[in-house]
Amino acid sequence: MIKRKLLLTILAVLAAVSVDARKINVSGSVTLKGSNEPAPGASILDGATQRLIAITGEDGRYNITVDSEADLIFCFMTAEDHTESVRDRHVIDVQLMPQSNALNEIVITAKGGKTTMSAEPTDLDLDGNMLRFKTKVKIPNKMNRSDVRAIIQPAIYNVTRKHLFYLHPIVYDGWRYAATQERMDDWNKDVDPLTPYQEIKQAVNKAEKGTVYILDSLYVENPKDDFMGIILTSLENYNRVMYTDTFEIARGTVNPLRFLSYSVTAVPLSEERFIPTPEVELRDTQGEVILVFPVGKSKLDLSLGNNAAELGTLIAEFKTIEKSPDMSLKSFSINGFASPDGSRELNQTLADARMKSALETVLSSVDPSLRRNAEVSSHAEVATWEDVVALLRADGLNDEADKVQKNINRYSNPDIQSVYMKRLPFYKTLLAEKYLPRLRRVNYHIKSSIYRPLTDEEIAELYSANPAGLTKYQYYRLYSKKEGDEREKILRQAMASHPDFIAAATDLSEIIINRGEDASELLEPFFTDPKRWTRLPESTRLNMGIASMEAMHYSRADSILSTLPDTPETHKAKIYAAAQNGRYMDVLEEINADSPLNEVLVLLASKNNNHAWEKAQKLGDSAVEQYVKAVAANRLDKYMEATVYLENAFALDPSLREVAKIDGDVIDLLEDNDTTYSEDEQ
């Protein structure tokens with residue numbers, strides 16, 4: 001009952017004082033309820049002023065300094081607004097309810113591609129990753145009959161990977177054939193794969209030449225592969241296949257930009273909002289002070305012993321917690337004691353009074369808001385003569401301790417024990433003057449919590465103990481201080497622990513790309529949805545664009561880099577991605593200014609053959625330049641010049657012969673030369 005009354009007294013004192021606000025640091029995460037996905041770019045408003053005070057990062061986290069009594073409003077475009085009252089909390093995680101009327105998905109379809117193809121019907125032109133197929137097929141005269149079907153199936157064969165890709169077929173049905181087919185019981189136009197391509201000849205025109213023009217394209221993953229263009233044909237009537245044939249119409253790819261030279265540099269992450277914010281962690285601190293009282297007195301006397309210094313230490317600890325925006329008072333306990341001499345009941349009352357007196361003194365100097373979320377406990381008790389024995393033995397006074405213990409063993413009643421203790425010869429000079437005053441005291445036990453990021457030293461210790469256990473912020477702090485192999489090692493560990501860590505992925509891709517290696521696989525998980533590309537950091541998009549170019553995914557590189565603003569950092573990557581994706585004329589002037597070789601290559605790619613030959617003759621005599629001269633000469637049917645230049649290129653760099661084997665611009669020269677050598681050998 002005594003303890004309960006004392007605790008009620010303490011709580012009453014705490015509640016009686018008005019609550020004042022203070023500035024504190026608040027952090028947390030904002031996610032969507034149900035999916036638990038982060039809400040990047042969510043707005044945080046001050047509830048009183050309706051002013052924007054923060055925006056969540058890409059991971060949905062935030063870190064702000066606000067009034068401890070503030071109300072915060074969390075807003076996100078596809079979720080309902082949510083209000084949270086701070087009330088001295090340092091960590092506030094919020095889950096937003098998605099709106100039922102979510103935005104409809106928007107699908108954007110781009111219009112078709114280039115139509116200015118090579119006049120040569122046997123060329124496979126390569127624009128970036130698009131292989132252009134253009135040819136013409138003359139249909140046999142039997143096609144003019146009304147009872148036949150002609151099927152023309154263009155296809156591209158990847159010689160390198162031994163895979164055949166069918167393009168769109170052409171189906172010509174005579175009107176009698178079409179009518180008869182519809183009457184067949186076992187024919188269903190809805191399941192016939194040729195129905196979408198069927199064209200019915202309504203009339204017969206024997207003067208018709210029967211020439212079919214084919215223009216199609218195919219996306220290829222690796223433009224360096226060897227390709228062949230073929231045509232499969234079939235002519236049939238109701239009863240049988242009258243004629244079939246398969247023939248090659250193109251071999252190798254026309255792609256002068258295979259020799260395009262440029263230098264672009266990957267960059268580290270620079271956008272601050274994608275850098276992980278400090279993730280505060282709980283760190284407990286604790287302390288203790290001792291206040292002493294004169295015999296029979298309950299009022300705290302600051303002139304007695306070290307009371308003034310001890311109380312000053314206590315108040316300073318509270319002030320430190322109060323002034324720190326990252327600290328909270330977690331708990332404090334109040335323990336009042338009386339010495340065992342005299343009446344046990346009176347001593348218990350005295351212990352309670354001492355605790356209350358000390359409490360009132362301390363409370364007068366402590367901000368009430370600091371105590372609001374703290375756990376408060378109290379205890380008042382009378383020390384025992386066993387406590388005196390322990391003090392004596394601690395000081396080496398074992399004889400005196402034995403005599404005190406003898407009285408304790410003889411008399412069980414504390415009041416009688418006190419009577420006989422006073423008869424001891426050393427009671428006044430030793431016990432009353434030195435040891436009993438040490439038992440008349442009030443102890444305060446304080447426990448505070450500090451929310452703060454770990455120091456670099458603490459992070460390094462954590463990494464040494466458990467390399468896979470760090471948070472994104474801790475990894476970022478750690479690898480930002482390192483260089484070379486150690487930095488890369490930490491970055492790779494960070495990606496293994498946090499696959500969605502976009503800052504680490506960007507910084508690691510910079511190392512990989514600038515070392516001349518492929519980083520597209522590392523960045524690919526962030527680029528699965530083109531509609532989200534513009535939400536990614538510009539540095540990440542730049543690195544992915546460069547990586548895509550190096551991996552020969554030119555169409556994707558151009559698409560990604562086109563989302564970036566044109567800056568000195570992004571400009572060169574943008575223009576070369578555009579060129580390799582077939583948009584030569586957009587960047588012709590700038591690429592021409594880079595080097596004479598690049599100028600000739602772009603002219604060849606854009607089919608400006610006369611101008612390309614004129615410029616090519618001014619090139620140097622390196623292996624690649626000789627090769628390009630051969631291409632330009634062959635385009636204009638300058639066979640002798642082309643042969644000489646090609647042989648010179650092979651002599652300087654024999655590996656170019658392998659390139660020529662898949663190059664539609666010179667493969668005819670190579671075949672002629674190989675044939676000549678074979679005949680000579682015979």
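- Aromatic ring orientation, His498 versus Tyr475: perpendicular (interplanar angle above 60°, classes split at 30° and 60°).
- Ionic pairing of Asp558 and Arg583 is present here: one or more N-O contacts between side-chain nitrogen and carboxylate oxygen are shorter than 4.0 angstrom.
- Side-chain contact between Ile321 and Glu317 is present, with at least one heavy-atom pair separated by less than 4.5 Å.
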Check the pair Met544, Thr506 against side-chain contact (heavy atoms from CB on, under 4.5 Å), reporting the backbone distance first and the verdict last.
-> CA-CA 9 Å; Met544 184 57 173; Thr506 306; over 6 Å; no
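- How far NZ of Lys330 is from CD of Glu375: 9.0 Å, rounded to the nearest 0.5 Å.
- With sequence neighbours left out, the side-chain contact (heavy atoms from CB on, under 4.5 Å) criterion links Thr83 to Asp71, Ile73.
- Between Arg344 and Ala383, the shortest heavy-atom contact is NH1-O, 3.7 Å.
- The closest side-chain heavy-atom distance from Thr384 to Pro414 is not below 4.5 Å.
- With respect to the salt-bridge test (charged N to carboxylate O, under 4.0 angstrom), the residues Glu569 and Lys574 do not qualify.
- Counting heavy atoms from C-beta outward, Glu510 and Asn543 have side chains that approach closer than 4.5 Å.
- Applying the ring pair (Phe, Tyr, Trp, His ring centres under 6.0 Å) criterion to Phe274, with sequence neighbours excluded, gives no partner residue.
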Give the table of side-chain donor-acceptor pairs shorter than 3.5 Å for residues 31-40, with sequence neighbours excluded, one pair per line with atom names and distance.
from  : atom 1 : to    : atom 2 : distance (Å)
Ser35 : OG     : Glu37 : N      : 3.3
Asn36 : OD1    : Gln95 : NE2    : 2.6

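- A distance of 9.0 Å separates CG of Asp518 from CE of Met552, quoted to the nearest 0.5 Å.
- Across Val30 and Phe74, no two heavy atoms sit closer than the pair CG2-CD2, 3.8 Å.
- Ring orientation note: the planes of Phe501 and Tyr479 are tilted relative to one another, at an angle of 30° to 60°.
- To the nearest 0.5 Å, the span separating CG on Asp507 from CE on Met495 amounts to 10.5 Å.
- Contact of the His90 side chain with the Ser328 side chain is registered, since non-hydrogen atoms from C-beta on lie closer than 4.5 Å.
- Under 4.0 Å is where a charged nitrogen must lie from a carboxylate oxygen, and between Arg515 and Glu517 at least one such pair does.
- Arg22 has no carboxylate O lying under 4.0 Å from a charged side-chain N of Asp67, or vice versa, which leaves the two without a salt bridge.
- Here the side chains of Asn335 and Ser333 are in contact, with some heavy-atom distance below 4.5 Å.
- Residues satisfying the salt bridge (charged side-chain N to carboxylate O under 4.0 Å, His left out) criterion with Asp395, sequence neighbours excluded, are Arg438.
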Please test Lys472 against Asp59 for salt bridge (Lys or Arg N to Asp or Glu O under 4.0 Å), starting from the C-alpha separation and ending with a verdict.
-> CA-CA 10 Å; Lys472 291 180 182 179; Asp59 56 358; 5.2 Å; no
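- Using a 4.5 Å heavy-atom cutoff, the side chains of Leu561 and Tyr576 are not in contact.
- The structure places CD of Glu538 at 8.0 Å from OG1 of Thr563, a figure rounded to the nearest 0.5 Å.
- Nearest approach of Ala266 to Asn514, heavy atoms of both residues: N-OD1, 3.0 Å.
- With respect to the salt-bridge test (charged N to carboxylate O, under 4.0 angstrom), the residues Glu524 and Arg556 qualify.
- For Asp566, there are no salt bridge (charged side-chain N to carboxylate O under 4.0 Å, His left out) partners two or more places apart in sequence or in a different chain.
- Within the 3.5 Å criterion, the main-chain N or O of Tyr476 finds a donor-acceptor partner in the side chain of Ser480.
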Hey, mind stepping through Val267 and Leu542 against side-chain contact (heavy atoms from CB on, under 4.5 Å) and telling me if it holds?
-> CA-CA 8 Å; Val267 298; Leu542 174 59; 3.9 Å; yes
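- Taking all atoms of both residues into account, the shortest heavy-atom contact from Ser539 to Glu271 is OG-OE1, 2.8 Å.
- In summary, the side chains of Glu550 and Ser520 do not present any donor paired with an acceptor at a separation below 3.5 Å, with no hydrogens or angles considered.
- Using modelled atom types, no side-chain atom of Ser509 and backbone atom of Leu523 make a donor-acceptor pair closer than 3.5 Å.
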Thr56/Arg61 under side-chain hydrogen bond (donor to acceptor under 3.5 Å, both in side chains): CA gap, chis, key distance, verdict | CA-CA 5 Å; Thr56 59; Arg61 296 193 62 82; over 6 Å; no
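- Atom CG of Asn466 is surrounded by more than 12 heavy atoms from other residues, nucleotides or ligands within 6.0 Å.
- Ion pairing between a basic and an acidic side chain is recognised when a charged N comes within 4.0 Å of a carboxylate O; Lys482 and Glu486 show such pairing.
- Put simply, the side chain of Phe337 does not reach to within 4.5 Å of the side chain of Val382, judged on heavy atoms.
- Taking 4.5 Å as the limit, some side-chain heavy atom of Ile459 sits within range of a side-chain heavy atom of Gln474.
- For the pair Ala505 and Phe526, the tightest heavy-atom approach, listed with the atom from each and the gap, is CB-CE1, 3.5 Å.
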Starting from the C-alpha separation in whole Å, work towards a yes-or-no answer on side-chain hydrogen bond (donor to acceptor under 3.5 Å, both in side chains) for Thr349 and Glu345.
-> CA-CA 6 Å; Thr349 302; Glu345 183 178 353; 5.8 Å; no
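- Heavy-atom minimum distance, Val388 versus Pro340: CG2-CG, 4.2 Å.
- Listed by first and then second residue, the salt bridge (charged side-chain N to carboxylate O under 4.0 Å, His left out) pairs that reach into residues 89-98 are Glu84-Arg89, sequence neighbours excluded.
- Summarising the geometry, atom CG belonging to Leu508 is positioned 5.0 Å from atom CZ belonging to Arg492; distances are rounded to the nearest 0.5 Å.
- Checked by atom type, the side-chain pair Ser559/Ser562 shows no donor-acceptor distance below 3.5 Å.
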Passes side-chain contact (heavy atoms from CB on, under 4.5 Å), Ile92 versus Tyr62? Steps please.
-> CA-CA 10 Å; Ile92 301 177; Tyr62 68 94; 3.4 Å; yes
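- With hydrogens and angles ignored, the 3.5 Å screen pairs no side-chain donor or acceptor of Asp46 with any backbone N or O of Leu72.
- Within the 3.5 Å criterion, the main-chain N or O of Ala353 finds no donor-acceptor partner in the side chain of Ser357.
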Intermediate values then yes/no, side-chain contact (heavy atoms from CB on, under 4.5 Å), Val26 and Asn63 = CA-CA 6 Å; Val26 179; Asn63 192 352; over 6 Å; no
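- Under a 3.5 Å cut-off, the side chain of Asp88 and the backbone N or O of Glu69 do not form any donor-acceptor pair.
- Within the model, atoms CG of Leu436 and CG of Leu431 stand 6.0 Å from one another, a figure rounded to the nearest 0.5 Å.
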